[in-house]
Amino acid sequence: MKNSIFKSVIVYAKDVFFGFWSILGSCLTAFPYILRIGELRKEVTEGYPDPVSSKTADDLPARTRGLLFNDIDRCTGCHDCAKICPSQCIKIEDEPGSDLTKRWVSIFDIDFSKCIFCGLCVESCQPNSLFHTKQYEGAAYQVSDLVASFGRGQLTSEQREKWALIRKSDQNKKGLS
Amino acid sequence: MNTQGTWIVSWFDLVGLPKDLPHWVYTLVSLVCVYLFVVIPSAVLMSYLDRKLTADLQARIGPNRAGYAGVLQSIADFLKLLQKEPQFKWGLRENLWLVSHTMALYSTLAVLPLGSLALLVDTEMSAFLPFWATLVLALGTMLLGLTQASVPGWFGGIRVAAQTLAGSFPALIALVCAGVRAGSFKWSSLVHSQSFALWGWAAISNPFQTVAFFVFIISGLVILAIPPLDGGLSQSDIHGGVSSYLHGRRLSLFQMGRLYGFFFWCLITVVLFLGGWNLPESLVSHLREGESWIMLSFLELTCLLIKTFFLMLVVTWVARVNTRVRVDQITDFSWKVLSPFSLVALMGASLWAGWRAL
Amino acid sequence: MSQNYLRTDLTTWEIGPYHGALPVPMRLKLQLDGEVIAHAEVETGFLHRGLEKACELHPWKSLVSYADHLDPEGAVFGEIVLTNAVEEIFGIPVPERAQCIRVILCELTRISSHLAYIVRMAKMAGSETIIHYVLRDRERVLDLFELLTGARFSINFLRYGGVRFDVTEGFIERVLELCELIRIRIKEYNDVFTYNHSFIKRSANIAPLSKELIRHCGITGPNARASGVCFDLRKTYYGKAYDRVEFEVPVGVGALGVVGDVHDRFIVRLKEVSQSIEILKQLVETIPSGEYCNLVDNKISRAIRGEAVSRVESSRGLLSCYVLADGKDTPARVQFTTSSMFNVKLIPYLISGVRIEDLPVVLASLDLSVAEADK
Amino acid sequence: MDKNIILSKLNKEFPTLKFETHRFGRSEVDSVWVESQNLLKVIEFLKFEPELNMEFLENLNVSEIDQVLVLSYFLTSSYVFSEVPFSKSIVLRTSLVLPDGESMVSGFSVSHILTNADVFEDEVGELFGIRFESKLNKDLKIKRNLLPKGLRGFPLRKSYKMGSVVVDPQIKKSKSEAGQ
């Protein structure tokens, strides 16, 4: 009986001491952070909108998938990207252009509220006119502002007839030669 | 009320108010001055230091928006809370318990030991009065939680009650240890028995007093449910517990009360164990001959507040690093560890004092 | 529950889909006896996004970007399990280098998922400092993802027959750098959090998971290994690139409490992070050369009809995917079987007898992701 | 090899039933077609046979192939108490004929034999519209309602037309109020 009391007191004292010691230990490992000792203990966060922030858009790695941009001159209006897009957020309307190869892309809208930035459209774009910029600040006040449009606008009716005549004359020339 | 209230008279000369006013005016003015010029600034400074220390501790910048390096952050928080509109309709009962919660705290203003001259209540019972205030504070918080008629509130209230009961016993015993060493419970004699030098402090003078010091601090955290041991107000499992129904200005009143509770418990610990406002003898005697009471009370106040802030920062540092402790573990801890240690400390301190008296 | 408990009548408390204690949207109906939970019921299904129906409507090429939304934190596991199944159906060989890149991504995702696990545990236990340390180191892992694949979480990087890009030149050195950094950091986590007395008190011998319950609910992954079930798919079943690597599977031993309790589940995951570092080191040093993607014949031919099941050891447990192709350009059926479906079934059995304050810690220790369970 | 141990044991146990076996896809696991009536007997035998001990239902897959619901049970040997986990695995297949689009189909539940089967049965039952009659009463501890309350039709069936409106009186009423 005697040693059982004595033993339990020892166990009790050890438990209290271990508790105190481990709490002190974990506090001491966190203490050097206050004095910023060593390279591993610098503060990591930065003020975001302030100009002091060290990282800018072009520090991002090369393959970053930021907001999309479509260089409309090279775009041939082939609808590949609209077909492959999982969330169907690309809307394209196009009409026959001045010559047979090129088409006039009147509307090319990417709805960034639905886009999941998977990059499949960029991969499937042959003339790679569609590519990722390094722009990541995409916030907007209304959802409608989130739609980025790269289209060239509707054709006026006379232009449409003029180009139709040009196309017909090309066809005749090609047909004759 | 003894005539100690006359310390305010020396400050009146500065302002040029007439001297021969009845005593209660002096006491009233000193209470208001203490609240405005000591409690509010220390609360503002303390909440800023706490956030900055936590940020440094966690490898991040911390508040840097409001004012230079975020100095005005606590004022910004206070204003933000004021303009928030409370969600729930408050009946008479909730207001009653919130008022009782705050009045319990601010009643201790009269008892605050802020310097050898600024002692409004310096009787044999003065060391026990703040202890009474913490119990009423716990009662206010518990009933504040229970009247919310919601599960988080109910759990928060019950937890605060259990914690306070468990924490009050060791706190009282540790208080008695300090009194045994100093021979009486008056603030002036308590501080007078310690000296400015480090080894003169009660906490370091003998091992039993050190144990009493630790027990007193930790049981204070238990009674007031301060961060490492705030099971009653934990965000993760019961949605803020007692404070889950407080919004807007009521939440700021509640938080101000809790911050003041933490501040005044650390202040009392400094006075009891860490050689309160003792200044080097030469300086004190020089000032006393020169009759410059203002400079004396000012220096004593700053020495006291520096030690209190340092103690509060150490507690915050421990709170941020460790996890929140469960309520049944807190009550086990205070019954099975704090109470026996405080009894051992009491026996040791009294033997030590008796041996010294031979 | 022990019988000599003064039994009061049970109060019921319903924790709604969005509550501080719940790491994931689910509804818990609890019968409380004082602070102890006597009986619990779970209701899930709040995060059903119809992933499998969506996979049936999309062409084969855009399936991969759906598979990495199966589990937002472990994107590569969904992709790897889908691409393996499709490659098995259409018989597309995967070059050696692509397999190695895939497994490197697997181990990196496992590290980032386990670090996120530590953050959830610390948040529920109430200690804030460790959260910021762990998040700071997880950023380094996510930087690697962005360097290699272009996105931090939903990487959409695997293709049928290999991967989309080759490894950039700076990638190998940065992975070794990362391994070194995390090895130092784990020592720091152990000092600050894992062996901290207050965390041990909050997690040792709480809600132990018995082997009988594992068999009843079919739990796999770190939760099962913490209770002593030595079953890790990387070792037993999955030959791909893991046979070139030596590592041993950490199993819970109940050092500070009962085998299989909350602390064990935490320790097993922490050990798995250091295991993943060892694996990463060996993989990165011996990465075979060759082309990174089988561009020759990775076309999905419509003539082949077939079905396949592929399995992978994701960071939360056994993840398998069944794909059925019936000759059209969209799959006939894609079905994912995740380990979180069984973890959700485990909850009522595990948390009866647990105190209210420990409920968040126990739920966080199961590493639940209802995005995986409800699909 | 362990593959034909399972088949030989099965044929010995059920001489009357002829099991039609194919290879499952390109893997070496084989799939056995069983009528849905004696499916329970086969699963019970596979589980309680001392040597096989196949009790972990790794996956219950339901796929619709030209108007027929094919249920495939992926059974593997237990991994909890055995040193060589996942050693033996087999795929049992039954088929349920699909009536027209809207009505439910009824099948047999195996959750009283394979304990983790109800996870799959709940989910598949709701998405394919299969009612699993099970001997033991439903485990009320778990409730999984994946679909919104008023949705008519079963999404994963081929006959389900996308975008069917949720016909729930409360939701409709609140929408009409929002409309004004």
Side-chain angles (χ1 to χ4, degrees), chain A residues 1-61 64 134-141, chain B residues 49-70 73 170 207 210-211 213-215 217-218 221 227-229 309-326 329-330 332-345:
Chain A
M1 228 289 278
K2 189 175 76 57
N3 63 4
S4 73
I5 296 175
F6 189 70
K7 193 150 45 60
S8 58
V9 167
I10 291 293
V11 164
Y12 166 80
K14 207 175 325 118
D15 187 28
V16 169
F17 176 72
F18 167 69
F20 178 74
W21 188 253
S22 94
I23 286 182
L24 184 68
S26 57
C27 289
L28 288 181
T29 42
F31 183 72
Y33 278 91
I34 297 178
L35 313 171
R36 297 281 189 269
I37 301 172
E39 177 35 38
L40 290 176
R41 295 194 177 85
K42 289 282 171 293
E43 77 247 21
V44 179
T45 53
E46 285 159 8
Y48 165 61
D50 302 344
V52 79
S53 125
S54 62
K55 287 206 171 51
T56 52
D58 44 32
D59 290 348
L60 293 174
T64 317
K134 292 229 180 95
Q135 248 316 324
Y136 53 86
E137 284 141 343
Y141 283 103
Chain B
L49 279 178
D50 163 32
R51 286 182 62 146
K52 216 40 174 165
L53 174 91
T54 322
D56 287 353
L57 209 57
Q58 293 163 354
R60 52 188 173 85
I61 287 180
N64 60 356
R65 271 270 169 271
Y68 172 73
Q73 183 62 38
T210 344
V211 169
F213 163 66
F214 278 115
V215 165
I217 267 285
I218 295 172
L221 302 184
L229 313 169
F309 286 152
F310 184 73
L311 190 61
M312 287 168 96
L313 287 184
V314 166
V315 170
T316 318
W317 166 32
V318 171
R320 291 291 175 255
V321 175
N322 295 306
T323 68
R324 178 173 299 118
V325 187
R326 256 189 4 211
Q329 288 169 351
I330 297 175
D332 283 359
F333 177 67
S334 52
W335 288 125
K336 290 183 186 147
V337 175
L338 286 184
S339 310
F341 271 73
S342 59
L343 291 174
V344 163

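Worth saying up front: this structure is predicted, and the values here are computed from it rather than measured. By convention in this document, chain letters (A, B, ...) are assigned in the order of the sequence lines, proteins followed by strands, and residues within each chain are numbered from 1. Only this structure's heavy atoms are used, side chains among them; waters, hydrogens and symmetry mates stay out.
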Honestly, the part of B:P340 sitting under 4.5 Å from a heavy atom of chain A is side chain

Bottom line for B:F333: the part with an atom under 4.5 Å from chain A's heavy atoms is neither

Is the A:F20 ring parallel, tilted or perpendicular to the B:F214 ring (thresholds 30°, 60°)? perpendicular

Among residues 27-36 of chain A, residues within the sub-4.5 Å heavy-atom range of chain B, in order of number, are A:C27, A:L28, A:A30, A:F31, A:Y33, A:I34, A:R36

By ring-ring contact (aromatic ring centres under 6.0 Å, His included), A:F18 pairs with (sequence neighbours left out) C:H197

Turns out that what part of A:V44 lies under 4.5 Å from chain B's heavy atoms comes down to both

Within the side chain of A:T45, is there an N or O that forms a donor-acceptor pair under 3.5 Å with the backbone of B:R60?
no

Scored by heavy-atom pairs under 4.5 Å with chain A, the best of B:V318, B:L57, B:L53 is B:L57

Over 12 foreign heavy atoms within 6.0 Å of OH, A:Y136 = yes

